[in-house]
Protein chains: 4
Amino acid sequence: MPKIVDRTERRAVLCQAAVAVFAEQGYHRATMQAVAERAGVSKGGVYEYFDSKEQLLLASAEMLLSAAFGQSIAALERDSGTLHERLESFAREALGTAEDWSELCLLLLQVWAELGPFEEGPLRTMMGRLYRESADRVQAVLDAAIENGEAAPHPSRAAALAIMASLDGMVLQAILVPDEFRSALATGAFYGWCRSLVPVAATEE
Amino acid sequence: MPKIVDRTERRAVLCQAAVAVFAEQGYHRATMQAVAERAGVSKGGVYEYFDSKEQLLLASAEMLLSAAFGQSIAALERDSGTLHERLESFAREALGTAEDWSELCLLLLQVWAELGPFEEGPLRTMMGRLYRESADRVQAVLDAAIENGEAAPHPSRAAALAIMASLDGMVLQAILVPDEFRSALATGAFYGWCRSLVPVAATEE
Amino acid sequence: MPKIVDRTERRAVLCQAAVAVFAEQGYHRATMQAVAERAGVSKGGVYEYFDSKEQLLLASAEMLLSAAFGQSIAALERDSGTLHERLESFAREALGTAEDWSELCLLLLQVWAELGPFEEGPLRTMMGRLYRESADRVQAVLDAAIENGEAAPHPSRAAALAIMASLDGMVLQAILVPDEFRSALATGAFYGWCRSLVPVAATEE
Amino acid sequence: MPKIVDRTERRAVLCQAAVAVFAEQGYHRATMQAVAERAGVSKGGVYEYFDSKEQLLLASAEMLLSAAFGQSIAALERDSGTLHERLESFAREALGTAEDWSELCLLLLQVWAELGPFEEGPLRTMMGRLYRESADRVQAVLDAAIENGEAAPHPSRAAALAIMASLDGMVLQAILVPDEFRSALATGAFYGWCRSLVPVAATEE
DNA sequence: GATGAATGAGAATTCATTCAT
DNA sequence: CATGAATGAATTCTCATTCAT
């Protein structure tokens with residue numbers, strides 16, 4: 001009669017611990033020991049659920065990032081509200097509040113550093129997929145807005161990528177120049193950028 | 001009479017080797033041995049010029065990044081040409097050609113990952129200073145353009161930070177979704193974003 | 001259920017190995033590798049029980065020296081026998097037999113060399129405490145003997161320190177001029193010195 | 001026309017520097033660099049005069065110790081004064097003043113630690129010779145005193161070795177329990193021990 | 001002779017991973 | 001399943017020694 005544990009649940013707990021520790025100490029400086037302790041399990045226990053540190057990073061990153069990206073883009077895909085309103089919601093969701101955001105930013109930095117210069121690798125694949133999917137969804141929203149005349153016709157892929165790029169640039173500002181980041185947040189700067197990148201239809205102005 | 005060596009020159013050579021190796025393998029995976037070999041010196045030789053791996057990263061990053069940032073922003077600060085022309089030059093300089101750019105991007109990712117969540121640390125200080133200085137110089141250009149009526153009055157700090165953020169976001173695209181990056185480059189997307197972020201004066205249009 | 005190990009027992013085994021290796025090769029020449037091999041564990045295994053080589057020396061020295069000092073002084077503190085008899089027992093215990101003694105001497109030399117010129121440091125503290133405690137106990141025995149008239153009244157602290165000093169001087173002779181040491185041992189020289197340093201009461205002679 | 005330097009003079013300067021550095025930092029922690037700097041020469045320069053660090057220790061120790069031992073024993077060998085007076089002079093010379101003494105003690109500790117458990121080795125040979133010569137000279141003084149009736153007949157070799165041992169024990173106290181050492185010095189304890197170890201002729205008392 | 005840059009053999013220490021219990 | 005003791009490869013950094021100038 002083996003102890004019944006929900007493996008999925010357990011993996012999630014470990015991922016959360018891993019995210020916290022990796023964000024705090026950096027992926028390479030963090031030890032499996034530290035992750036295990038944070039999760040309240042033994043060092044060896046982690047290996048019941050993940051084959052290696054690398055896989056733990058992969059799973060942790062995927063869990064956190066797909067949730068975060070999904071949530072913010074969902075705000076853009078809502079049925080209700082004008083495009084501008086939804087862009088503003090998106091900006092608010094994406095940048096969120098300082099605490100979670102900070103952990104997310106720090107983990108992103110760690111993941112980015114692990115991408116490496118080569119095409120291969122599961123981390124690249126996952127991150128690339130996430131990036132493209134996110135850009136696709138943003139672009140779809142923009143295309144729909146162009147379709148129904150809310151936005152002026154413009155290269156929507158470029159705009160989508162510009163929005164993505166700005167968002168990532170904000171990640172860095174949050175970490176590197178937090179005071180500038182906070183004031184940009186307060187003045188709604190990121191939302192403003194999104195707006196500038198998406199020309200509205202002439203009639204709507 | 002000891003062997004004559006130009007210590008500054010020597011440090012530069014080591015930094016170049018370090019940049020290449022750190023970009024290629026990642027800061028933590030790279031060994032001092034590998035850097036030394038790349039530079040054509042012995043393991044111990046590196047320590048004649050840098051006290052630790054950390055200091056090597058700091059010096060390497062500072063050397064590469066201040067050169068790269070300086071060069072591209074200089075294009076923006078030129079006397080000749082319209083603001084738009086200079087923005088385009090800036091974009092071209094900043095994104096440059098694939099080879100050097102790639103190394104720069106990869107090193108940036110490594111440096112970002114080393115920033116850590118704490119306020120302290122020489123790497124943070126250096127990077128923060130570089131970031132602020134760059135933003136300051138971009139902003140100064142925008143302010144001058146507003147002054148002489150080339151650009152419409154607008155919050156220039158926000159625009160400067162938006163340009164910086166977009167640029168950093170491009171770094172990531174270059175590594176993470178290189179095909180999208182290349183096509184964005186081909187269509188002059190980054191330049192377009194800079195333009196959208198800087199509203200021109202009504203008369204000039 | 002993890003492998004059951006008695007950590008205290010394990011530390012003791014490692015200390016014994018460390019004592020042997022440090023005595024044989026000298027503290028600085030000895031490698032952690034060598035200690036580990038002597039103890040039959042892997043290099044990393046030592047670090048499960050001691051944080052550093054320095055701490056290993058500290059623990060090893062404390063274990064060996066407190067045992068050795070304690071044992072010999074205990075012979076002096078016995079209830080039975082005259083002061084002279086107990087001084088002789090003490091001398092015999094302290095100088096013991098060649099084998100253990102030699103290891104003890106060699107380790108002492110290593111520890112002394114690590115004391116350094118500064119007041120601070122756990123090794124100094126431990127050794128200072130051990131020295132004072134030993135001197136205190138010897139002095140207490142002398143005071144008791146003065147009290148009950150077995151020994152003539154005399155500065156007992158000075159005598160205790162003289163005995164300690166002579167003993168340490170013997171350590172050096174054992175290593176440096178072993179033949180003289182052995183003949184001094186054979187003629188009971190050290191015991192004789194102790195006697196000369198402790199004037200007997202007039203009536204007892 | 002080679003620069004004329006007095007090699008013997010130069011060696012002496014280097015030895016003095018070596019003594020200071022070895023005493024201060026310990027033989028193994030001290031670097032040749034540090035010794036060279038203290039002596040005001042270049043790192044490579046030391047090797048003009050000594051083939052290795054080990055030889056530098058050997059020469060330094062011999063220079064310092066033979067001078068120190070010689071000087072104090074000379075006080076014992078003087079023609080003028082009673083044995084007791086000369087014993088007192090000896091004690092004063094040997095323990096000297098705190099500063100020089102401290103350096104001497106610290107170097108002794110370092111040398112002792114380098115003796116190693118084996119019979120061979122130039123350091124052992126030198127130190128053994130020095131020890132025996134010193135003991136011989138002390139013994140000769142005692143024998144002469146016995147001869148002329150100043151001291152009672154007694155095993156003079158044992159007394160000489162006891163004096164040597166006590167002296168070495170003082171070295172340790174000076175380093176390990178400096179406060180006890182200083183008070184022992186103030187009360188003339190060491191001289192007292194020497195006296196107890198050398199029974200005077202009955203008539204003299 | 002003197003210099004100090006360069007070398008490279010080591011040594012302490014860390015930590016992902018394994019596996020006996 | 002879970003534990004945590006043990007492993008050992010890998011890495012940073014040190015420093016005695018050499019040698020071109």
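Convention: sequence-line order gives letters A, B, ...; per-chain numbering from 1. Below, each value reflects all heavy atoms present in this structure, side chains not excepted, and no hydrogens, waters or symmetry copies.
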Asker: Report the residue (D/H28 or A/K43) whose heavy-atom-nearest nucleotide on DNA chain F is the more 5′ of the two.
Answerer: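 Counting from the 5' end, the first nearest nucleotide belongs to A/K43.
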
Asker: So A/L58 and A/E54, side-chain contact (heavy atoms from CB on, under 4.5 Å) or not? Walk me through it.
Answerer: CA-CA 6 Å; A/L58 183 65; A/E54 209 180 337; over 6 Å; no

Asker: Between residues 44-58 of chain C and DNA chain F, which residues have a heavy-atom gap below 4.0 Å?
Answerer: C/G44, C/G45, C/E48, C/Y49

Asker: If you count every heavy atom of other residues, nucleotides or ligands that lies below 6.0 Å from C/Q55 atom CD, does the total exceed 12?
Answerer: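 Yes - once you tally the heavy atoms of other residues, nucleotides and ligands closer than 6.0 Å, there are more than 12.
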
Asker: So B/A34, base contact, sugar-phosphate only, or nothing? Heavy-atom distance under 4.0 Å.
Answerer: nothing

Asker: Does a side-chain N or O of A/R29 approach OP1 or OP2 of E/dT14 to a distance below 4.0 Å, or not?
Answerer: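 Answer is no, no contact under 4.0 Å.
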
Asker: With respect to the phosphate group of F/dA2, does any side-chain polar atom (N or O) of A/R10 fall under 4.0 Å of OP1 or OP2?
Answerer: yes

Asker: Could you give the CG-to-P distance, from A/L14 to F/dT3, as a whole number of Å?
Answerer: 11 Å

Asker: Assign B/A36 to base, sugar-phosphate, or nothing according to its heavy-atom contacts below 4.0 angstrom with the strands shown.
Answerer: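 No contact at all - B/A36 keeps every heavy atom at 4.0 Å or more from the nucleic acid.
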
Asker: Report the distance from atom CD of A/Q33 to atom P of E/dT13, rounded to the nearest whole Å.
Answerer: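 Going from A/Q33 (CD) to E/dT13 (P), I get 19 Å.
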
Asker: Taking the side chain from B/R124 and the backbone from A/I175, do they hold a donor-acceptor pair closer than 3.5 Å?
Answerer: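 Yes: the side chain of B/R124 pairs with the backbone of A/I175.
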
Asker: Return the minimal non-hydrogen interatomic distance between C/L109 and D/A113, and the atom names on each side.
Answerer: O-CB, 3.7 Å

Asker: Identify the residue among C/Y49, C/Y47, C/F22 that makes a side chain to side chain contact (heavy atoms under 4.5 Å, CB included) with C/L56.
Answerer: C/F22

Asker: Salt bridge or not for B/E24 and B/R29, using N-O below 4.0 Å?
Answerer: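 Not counted as a salt bridge, because no side-chain N and carboxylate O are separated by less than 4.0 Å.
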
Asker: Between A/M32 and D/V41, who's closer to the 5' end of DNA chain E by nearest nucleotide?
Answerer: D/V41

Asker: CG of D/D6 versus P of E/dA2: gap in Å, rounded?
Answerer: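 Spelled out: CG on D/D6 to P on E/dA2 is 12 Å.
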
Asker: Hunt down any stem DNA chain F takes part in, defined as 3 or more consecutive Watson-Crick or G-U pairs whose two distances are each under 3.5 Å.
Answerer: E:2-21 with F:2-21

Asker: For A/A30, does its backbone N or O pair with a side-chain atom of A/K53 as donor and acceptor, under 3.5 Å?
Answerer: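 Yes, A/K53 side chain to A/A30 backbone: donor-acceptor pair under 3.5 Å.
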
Asker: Please check if the number of heavy atoms outside C/Q33 that lie under 6.0 Å from its CD is greater than 12.
Answerer: yes

Asker: Any salt bridge between D/R129 and D/E62, counting N to O under 4.0 Å?
Answerer: yes

